[in-house]
Each structure stands twice: as structure tokens, then as C-alpha cells.
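Have a look at the structure below before the remarks.
Throughout, a chain's letter reflects where its sequence line sits, starting with A, and its residues are numbered from 1. Worth knowing before you read on, the calculation uses all heavy atoms, side chains too, and leaves out hydrogens, waters and symmetry mates.
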Amino acid sequence: QQQVKQSPQSLIVQKGGISIINCAYENTAFDYFPWYQQFPGKGPALLIAIRPDVSEKKEGRFTISFNKSAKQFSLHIMDSQPGDSATYFCAATTQGGSEKLVFGKGTKLTVNP
Amino acid sequence: NAGVTQTPKFQVLKTGQSMTLQCAQDMNHEYMSWYRQDPGMGLRLIHYSVGAGITDQGEVPNGYNVSRSTTEDFPLRLLSAAPSQTSVYFCASSYLGLGTQYFGPGTRLTVL
């Protein structure tokens with residue numbers, strides 16, 4: 001049973017374009033939704049996170065949009081750069097912090113120059 | 001600060017062998033966890049600990065043991081390695097109740 005469904009599996013975007021990755025969940029007890037970025041051969045690193053009491057959070061070129069009623073959240077990368085090429089994971093937890101994170105299956109983003 | 005460190009980086013085992021993957025953190029984090037990452041599967045939680053002497057099972061605990069005798073260290077033991085345990089293993093740590101979980105660089109394990 002996959003608790004967090006992530007799409008698409010892979011994404012190719014031109015430099016300067018907008019990258020959009022979507023996640024959906026079923027468990028309404030989830031109360032913390034982070035996104036992780038992973039470069040090849042490295043461990044994942046926290047990119048940005050949101051709690052369900054806000055509908056949007058922006059940090060630089062990265063924005064999380066959160067739709068509580070639809071049980072969906074998405075990552076938008078504005079002005080995508082080749083250096084953004086990585087695998088992105090959405091995650092969720094009921095623990096309020098980072099404990100017992102449930103991850104989506106990941107999206108491999110390629111930004112062409 | 002070294003952050004989260006993992007050893008070894010690479011390991012090849014034969015079926016039935018046992019080994020311990022080491023994980024250490026120097027941030028005084030209460031929470032530590034082990035994940036495995038397989039292609040197309042994301043990261044799946046194996047075991048976690050909320051403090052020294054306290055461990056619990058995650059989503060995929062079978063075939064793995066953990067213990068936490070100190071705040072800093074959280075080793076993962078494979079009791080009798082199987083080819084299905086071929087994976088990349090990540091250790092992570094964080095303060096309890098706070099957002100950022102820090103991951104180590106990973107151990108790539110191959111079981112023949």
C-alpha cells in the first residue's frame with residue numbers, strides 16, 4: 001500500500017522552464033510534508049517543507065503548493081537550471097517532525113541547457 | 001561537524017554472511033533511522049530510534065537488527081544476507097519534533 005503517490009516518474013525541462021512534481025496522499029493524519037533533493041551518489045537533502053495549515057510556501061525558486069481538501073501537494077521549480085537536475089522525493093509523516101517519514105517513489109528531473 | 005557518517009561506502013557479501021553497517025552522528029540528535037533505497041521504490045524505513053536504548057521497526061524490518069547504546073551511534077546488522085537485501089542504505093538523524101532530517105552518504109551493498 002503506497003501511502004504517498006508521486007508523479008511523474010521522470011521529467012525533462014528546458015533551462016528557464018517550470019518543473020512541476022505532484023504528490024497525493026490518503027492519510028489525513030499526515031501533518032508534515034517535506035521535499036528532498038538527491039544528487040547521484042549522495043544522500044537526500046531537505047529542500048523545502050510545509051505543514052497543512054498553509055497553502056503555499058516559497059523559498060527562492062522553489063514553491064510547495066498544498067491542497068488539503070484534495071490531499072495533494074506539489075513542488076514547483078521556477079526558472080529551472082541544469083544544476084537542478086536531480087531526483088526529487090516528496091514525503092509525509094504523522095509525527096510532526098521528521099520521524100517515520102513515508103516517501104514517494106521519486107521523480108528524476110533533467111534540465112537541458 | 002561531520003554530520004552523519006556511514007561506513008563502509010561499498011560492500012559485497014555472499015548469501016548467508018552477516019555484517020554491520022555503521023552510522024554515527026555528531027549533532028546530538030535524539031532520532032536516528034535507517035532507510036533502504038531501491039530503484040523505482042523511493043526510500044523505505046527499516047528501523048528507527050528515538051533515543052539511546054529505544055528502537056522500533058519501520059516498514060521493512062525483516063532480516064535486519066538494530067541497537068542504540070549511545071546517542072551518537074546506530075548500527076544496522078544484517079543477520080544472514082540475502083540477494084533481496086542488495087540496495088543502497090541510508091542512515092539519517094534529526095531532533096525529535098523538528099523538521100530537518102539529515103542523511104548520510106549511503107552504503108551500497110551487493111549480496112551475491
Inset, instruction - May I ask you to decide if A:K100's main-chain N or O and B:Y31's side chain share a donor-acceptor pair within less than 3.5 Å? - result: yes
Inset, instruction - Considering non-hydrogen atoms only, spot the tightest contact between A:E99 and B:S94 and give its length. - result: OE2-OG, 4.3 Å
Inset, instruction - Check whether any side-chain heavy atom of B:Y35 lies under 4.5 Å from a side-chain heavy atom of A:L101, and answer yes or no. - result: yes
Legend entry - Listed once per pair and sorted, the side chain to side chain donor-acceptor pair (under 3.5 Å) pairs that draw on residues 7-27 of chain B, sequence neighbours left out: none
Inset, instruction - Answer yes if A:L47 and B:Y102 sit in the same cluster of Ile, Leu, Val, Met, Phe, Trp and Tyr residues linked by side chain heavy atoms under 4.5 Å apart, and no otherwise. - result: no
Legend entry - Atom group of A:K42 that falls short of 4.5 Å from chain B, counting heavy atoms: backbone
Legend entry - Worked check of side chain to side chain contact (heavy atoms under 4.5 Å, CB included) between B:Q101 and A:Y36: CA-CA 10 Å; B:Q101 184 162 204; A:Y36 281 80; 3.3 Å; yes
Legend entry - Residues that B:Q37 engages under side chain to side chain donor-acceptor pair (under 3.5 Å), provided they are two or more places apart: A:Q38
Inset, instruction - With a 4.5 angstrom heavy-atom cut-off, could you sort out which part of B:L43 is near chain A: side chain, backbone, both or neither? - result: both
Legend entry - same_hphob_cluster(B:V60, A:F103) at 4.5 Å side-chain heavy-atom cutoff: no
Legend entry - Single-linkage hydrophobic cluster, 4.5 Å side-chain cutoff, B:L13 and B:V66 together: yes
